[in-house]
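By convention in this document, chain letters (A, B, ...) are assigned in the order of the sequence lines, proteins followed by strands, and residues within each chain are numbered from 1.
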Amino acid sequence: MDLTLHVWRQKGPKDKGRLTTYKATDISSDMSFLEMLDVVNEGLIKQGIEPIAFDHDCREGICGTCSQVINGDPHGPQARTTVCQLHMRQFKDGDEIYIEPWRSRAFPVIRDLVVDRSAMDRLMQAGGFVSVKTGGVPDANTILIPKDDAETAMDAAECIGCGACVAACPNGSAMLFVASKVGQLAKLPQGRAEAARRVCTMTDAMLEEGFGNCSNHYDCEAACPKGISVKFIAQLNREYFMALPKGHKEKN
Amino acid sequence: MPLKHVIRSAVGRKLFMAATGIILFGFVVAHLLGNLSIYLGPEGINAYARQLHQLGPILWIFRLGLIGAAALHVLFGITLTLESRRARPVAYIRKKHLRSTLAGRTMIYSGLILATFIVFHLLHFTFRAIGPQIEMLDGGVVNVYRMIVDSFRQVGYALAYVVAMVVLFFHISHGFASLFQTMGMNNEVTLPWMGRMSRIIAVILAAGYVSIPALIFLGLVIK
Amino acid sequence: MILDGKCPSGPLANKWDTHRQTLKLVTPANKRKFKIIVVGTGLAGASAAATLGELGYRVEAFCYQDSPRRAHSIAAQGGINAAKNYPNDGDSIYRLFYDTIKGGDFRAREANVYRLAQISNAIIDQCVAQGVPFARDYAGYLENRSFGGAQVSRTFFARGQTGQQLLLGAYQALSCQIAAGSVKAFPRTEMLDLVLVDGQARGITVRDLTTGEIRCHAADAVILATGGYVNVFNLSTNAMGCSVTAAWRAHKKGALFANPCYTQIHPTCIPVSGDHQSKLTLMSESLRNDGRIWVPKKSGDTRLPQDIPETERDYYLERKYPSFGNLAPRDIASRAAKEVCDAGYGVGPGGRGVYLDFGDSIERLGEDAIRARYGNLFEMYERITDENAYRQPMRIYPAPHYSMGGLWVDYNLQSNVDGLFVLGEANFSDHGANRLGASALMQGLADGYFVIPYTIADYLARTTPGTIEDTHEAFRQSRQQVAQQTDRLLSINGRKTASEFHRELGDIMWEQVGMARSATRLTEALKRIPELRDEFWQNVRIPGSAQQLNQELEKAGRIADFLEFGELLARDALNREESCGGHFRVEHQTPDGEALRNDADFAYVAAWQYKGADQTPVLHKEPLTFENIELAVRSYK
Ligand SMILES: Cc1cc2nc3c(=O)[nH]c(=O)nc-3n(C[C@H](O)[C@H](O)[C@H](O)COP(=O)(O)OP(=O)(O)OC[C@H]3O[C@@H](n4cnc5c(N)ncnc54)[C@H](O)[C@@H]3O)c2cc1C
Ligand code: HEM
Ligand code: SF4
Ligand code: FES
């Protein structure tokens, strides 16, 4: 099939970007979206044009590196699918495809479709962990965890940290990402000790990093390639509410 | 936790939004129930008005509470929205709305229209600074029934109230569902039907309110 | 040179404990004076960096991805082994040790493997404490499953995302240390050189992938945990950015490369669909528990699989290995698949695929039971191939998956270069000639959480901290050399893209150095790889500049290293005149086609020393001695 691509090109973080149109010809429906871009890029290189820069690594939907807004939809039209797992059979011959980077104040564009998502790492550093050190922990079966809790924690833990929730959110909020970690660790006895502190520091960091607030629009859940449920945002709010009577330690 | 942290926190302010939203919502429901007494004829609504006034200081406590809640709701509504706007400095050229609703995305506009309307409404029926001539009953009480009916016979007033109530529908159709989420009361059971339930409640409320100016204007039921 | 693995003496079960007593310690007050560089944030790197940070060292952690959380360990699906014996089914540290040694076809060090089995239990405890949501039963206890043909259930798992959950656990521990200020992370930074001062590893030279800046980092010790090299085959189950670059550049600075020919080809991957293919997707091995593998008996049969009657199907694994059947070990299943396809019986595009048929199981257990077991895999298969595996058999084909070989290290995980430590898939240490399923995750975490913290202290305690600054002459030279290579790549301005060279190299490697290796083919490869390398350096085209994010430049640098490394891999394969584990030489097989090991001549680790561009490397041997087990012949008949 032949397609027309309108791709966001931007040389560097400080440059002005714009959409540039390319033709993608002889595309097989068995290709993944990124393989289609590979083909386009090979063509560009041969013409001496700098190829379209885009982030990717595992190409099997788990590392969370790939990140493109396709026709206004983060990760493209197929539900619960990352761009790297999106296949061209989702498109028809002659389609026009708009490809843009994640847009958020917290994700400055580095080049073309590549953005800087280090803000998400900093959210994790703000409290997305159990502060246990290596060694000196009890046998793994000492603390029992009800199967349902373990399963719910796993549902939340499936987040791949791609940032599509931020890209989709009308407010550019990272709430689903934060809620998935808060939700996972709050469900497990090992994470409870720090639950109150975690929900405060992580949500505070969210504002500091320039993410927006959650207005319960749920575009995040729809865009999330792992289908993380917004019920974890409700849980986050609950955790916050329960943290209110407790002390809040200032970050130093 | 110190209050200033709660207020600085986005989640904390949202809790305030929800709490004040509940108060406002409660008022909207109570107010509608009161207003519906107009269907009982002049005696009904006038009795209701008289009773309200007899509450005296208690009424004022309620009023102050409402004003406080409304003020906080407006203040935080504005700051939250501004922060969220800043979070996306460069807009998408193409953007699909995957699940968000028009009502949800326009909360600030529906809210601000409601704020304007509330001022207008107070000027109109509470301070009676605008609107048609008022008729007084014995004992220095206003003939509320006449005041309402006379106003809504005029196309401008009727229309203003109808429009405002449609806006209220929008605000509540997102707000009611949103409230449960913010208060942390949702789970996988409630989430699928919360949106629908919210719209139903918003429709009932808005329809109740709209019915009064609409029927009066059309000269049906309430003569 | 005869290499010494420095394995401690004494009874096997006490080696690690007694060794730890003899290792020197660094006092708490002194720890923060030492700076340690950790390259790689996969399971091995992240666990090491976090643990060393906790202990009080100053750590700098590097990865080429935009976040440490995206290291390739994230992709591991199946699970992680440990000798907990929770199911009470006869497992023990000794049995895990024995299975690993046997699985590796008796080409690993006894002492290392025993230590790995000993440590395995602590890993599970640690991960649970971090909040890794392993599968649990209704009573709330951890669940286990049998994996990769093991006779006991010793594999812990978190749905089909065990690697992800373990890595996130390590990444979270790392994040905690970054917040505490003990670890500094450098994502989107690629190590391009190892810097030695007076023969000691003293730092690295990196390229900041965002700005293109080439910079040096000095330290008191350097740890490489940079993963495996099977992308030398171009198409593999590894992530696109996985490369041999860090290990190879260290090798060029003197680190020995051990057993490069030990590569594992995984039998159940989704086949190639065309020339555009950029990577291969692994389907969990567990599918073989319920699927039957077959090809049509008639070569070039174009009928739909459902139209081919039972009598015209060749269930070749069941035929050749009646007792293990479809559960034959990875290397055997992979080789058998390639054989039938090479003989013209393959199915699907290009005849590169065999059927994995669930028809019988669906009939026997019902579609729902199969859906419950493998639903997500069937979904993934459909997403990629557009085929419904409930209705028609899956097509699978082997793909390069794991590298057992790697930089040579001693028992302390230190390479022959002082101060250079190598962990995880990047070293050669624990899996011999073949790795058991669910053991790589175990090894990475064992190295990072529980081995390196002890052994690196012993090294550091013998050195004076902070004696070298990155202003030292050696750093200047290294920086210059790296800049020169970058400029050279950009100035060629030829006609072929880097990916085209990668594809060509991959073809050579897969066909000549892949699964069934022979002296003729290997010799052919040894001739063709240098030719391709020469062409690369004359004809590659890389647009853009060095002072920007330039993904073509990154790719070309990695492929340049593969073009050198591929030759070493072929040379090692040619040298090893035996068949063992993942290495199969057609000249060395039993009359019925089984691998034939040669313990008399090849029970050694082959460690290669770099001698300069286009020079033949020198082979050093570390003899493998087995004091506790008897060498047996693997048989899966
Ligand atoms: C699809 C798949 C499934 C698997 N399933 C299992 C399983 O079920 N069980 C099991 O035990 N094993 C499994 N494995 C194997 C296992 O995942 C890996 O062997 C293991 O995770 C390797 O971990 P590592 O820390 O050594 O390296 P990696 O996780 O590969 O990390 C390498 C790190 O080094 C960095 N790096 C590399 N080069 C450079 C450079 N030049 N400069 C800077 N940084 C660099 C990378 O950024 C990355 O952070 C699987 C592997 C694959 C591919
Ligand atoms: C009749 C009066 C009103 C009622 C019943 C009402 C009710 C609500 C409710 C229930 C919510 C949901 C709170 C939550 O998400 O937890 C809400 C949200 C909101 N309201 Fe109101 N409201 C009223 C008036 C106003 C006014 C006057 C404004 C003016 C600014 C306003 C602005 C907002 C905004 C911006 C939000 C969304 C906040 C966010 O999610 O970011 N509302 N309202
Ligand atoms: S919650 Fe979903 S969309 Fe957001 S980062 Fe995680 S996986 Fe991506
Ligand atoms: S490239 Fe890893 S999730 Fe898409």
Side-chain angles (χ1 to χ4, degrees), chain A residues 11-12 28 30-32 34-35 38-39 42 45-46 48-51 53 55-60 62-65 81 85 87 89 110-111 114 116-118 120-121 124-126 128-134 137-141 144-147 150 153-154 157-158 161 184-185 188 190-191, chain C residues 50-51 54 65-70 72 74-75 84 86 124-126 128-131 133-142 158-159 161 164-165 168 172-173 175-176 178-179 185 187 210 239-241 273-274 276-279 281 383-384 386 449 453 497 499 541 543-544 548-549 551-552:
Chain A
K11 262 194 140 343
S28 139
D30 284 332
M31 285 181 188
S32 72
L34 298 188
E35 285 167 348
D38 288 342
V39 169
E42 295 264 299
I45 296 170
K46 297 242 154 137
I49 302 173
E50 289 188 44
D55 258 333
H56 65 103
D57 200 26
C58 74
R59 296 211 177 183
E60 52 182 83
I62 191 71
C63 72
T65 311
T81 306
Q85 290 285 286
H87 279 69
R89 61 184 77 94
I110 294 174
R111 186 182 170 84
V114 177
D116 177 356
R117 281 173 289 192
S118 52
M120 295 176 85
D121 287 318
M124 291 292 285
Q125 287 152 24
F129 46 76
V130 176
S131 327
V132 58
K133 297 202 168 148
T134 306
V137 299
D139 181 87
N141 261 344
L144 302 185
I145 304 177
K147 189 179 174 68
M154 185 61 214
E158 288 198 19
Q184 176 204 342
L185 296 179
L188 301 169
Q190 290 81 1
Chain C
T51 306
E54 286 162 10
Q65 290 94 345
D66 72 329
S67 162
R69 66 180 291 151
R70 307 200 202 284
H72 189 57
I74 201 103
K84 285 278 192 190
Y86 283 153
I124 303 301
D125 301 340
Q126 187 63 34
V128 166
Q130 289 169 343
F134 284 122
R136 301 214 167 228
D137 62 18
Y138 280 103
Y141 292 90
L142 288 158
R159 293 210 183 130
Q161 288 117 289
Q164 179 197 28
Q165 294 311 314
L168 291 182
Q172 285 164 204
S175 298
C176 181
I178 295 173
T210 317
M240 302 296 286
S273 71
H276 54 261
Q277 192 86 26
S278 60
K279 80 152 278 171
T281 303
R383 193 173 300 151
I384 293 173
D386 205 23
Y449 284 135
T497 64
S499 301
R541 177 167 204 156
Q548 62 175 58
L549 177 77
Q551 294 172 320
E552 282 300 305

Contact winner vs chain C - [options], heavy-atom pairs under 4.5 Å:
{"options": "A:Leu34, A:Thr81, A:Val39, A:Leu188", "result": "A:Thr81"}
{"options": "A:Asp30, A:Ile110, A:Asp121", "result": "A:Asp121"}
{"options": "A:Val137, A:Asp55, A:Thr134", "result": "A:Thr134"}

If I compare all heavy atoms of [X] with all of [Y], which pair ends up nearest, and what's the gap?
{"X": "C:Gln172", "Y": "A:Phe129", "answer": "O-CB, 3.4 Å"}
{"X": "A:Arg89", "Y": "C:Ile384", "answer": "NH2-O, 2.9 Å"}
{"X": "A:Ala140", "Y": "C:Asp125", "answer": "N-OD1, 2.8 Å"}
{"X": "A:Val132", "Y": "C:Glu54", "answer": "O-OE2, 3.8 Å"}
{"X": "A:Thr65", "Y": "C:Arg70", "answer": "OG1-CD, 3.0 Å"}
{"X": "A:Ala157", "Y": "C:Gln164", "answer": "O-NE2, 3.9 Å"}

Is there side-chain contact between [X] and [Y], with at least one heavy-atom pair below 4.5 Å?
{"X": "A:Cys63", "Y": "C:His72", "result": "no"}
{"X": "A:Lys46", "Y": "C:Arg541", "result": "no"}
{"X": "C:Pro187", "Y": "A:Ser118", "result": "no"}
{"X": "A:Asp116", "Y": "C:Asp66", "result": "no"}
{"X": "A:Met124", "Y": "C:Ile178", "result": "no"}

Do the side chain of [X] and the main chain of [Y] share a donor and acceptor less than 3.5 angstrom apart?
{"X": "C:Lys279", "Y": "A:Cys58", "value": "yes"}
{"X": "A:Asp57", "Y": "C:Gly241", "value": "yes"}
{"X": "A:Gln184", "Y": "C:Gly131", "value": "yes"}
{"X": "A:Lys147", "Y": "C:Arg136", "value": "yes"}
{"X": "C:Gln130", "Y": "A:Val130", "value": "no"}

Sequence-distant partners of C:Ser278, side chain to side chain contact (heavy atoms under 4.5 Å, CB included), two or more places apart: A:Glu35, A:Asp38, A:Arg59, C:Met240
Leading residue by heavy atom contact count with chain A [cutoff under 4.5 Å; candidates C:Gln277, C:Arg159, C:Glu552]: C:Arg159
Let me know if [X] has heavy atoms under 4.5 Å from chain A in its side chain, its backbone, both or neither.
{"X": "C:Leu168", "value": "side chain"}
{"X": "C:Gln126", "value": "both"}
{"X": "C:Ala135", "value": "neither"}
{"X": "C:Tyr86", "value": "side chain"}

Side-chain H-bond candidate by donor/acceptor type, A:Glu60 with C:Thr281, under 3.5 Å: no
Step-by-step side-chain contact (heavy atoms from CB on, under 4.5 Å) determination, A:Met120 to C:Arg69: CA-CA 11 Å; A:Met120 295 176 85; C:Arg69 66 180 291 151; over 6 Å; no
Stepwise side-chain contact (heavy atoms from CB on, under 4.5 Å) check, C:Lys84 with A:Asn141: CA-CA 10 Å; C:Lys84 285 278 192 190; A:Asn141 261 344; over 6 Å; no
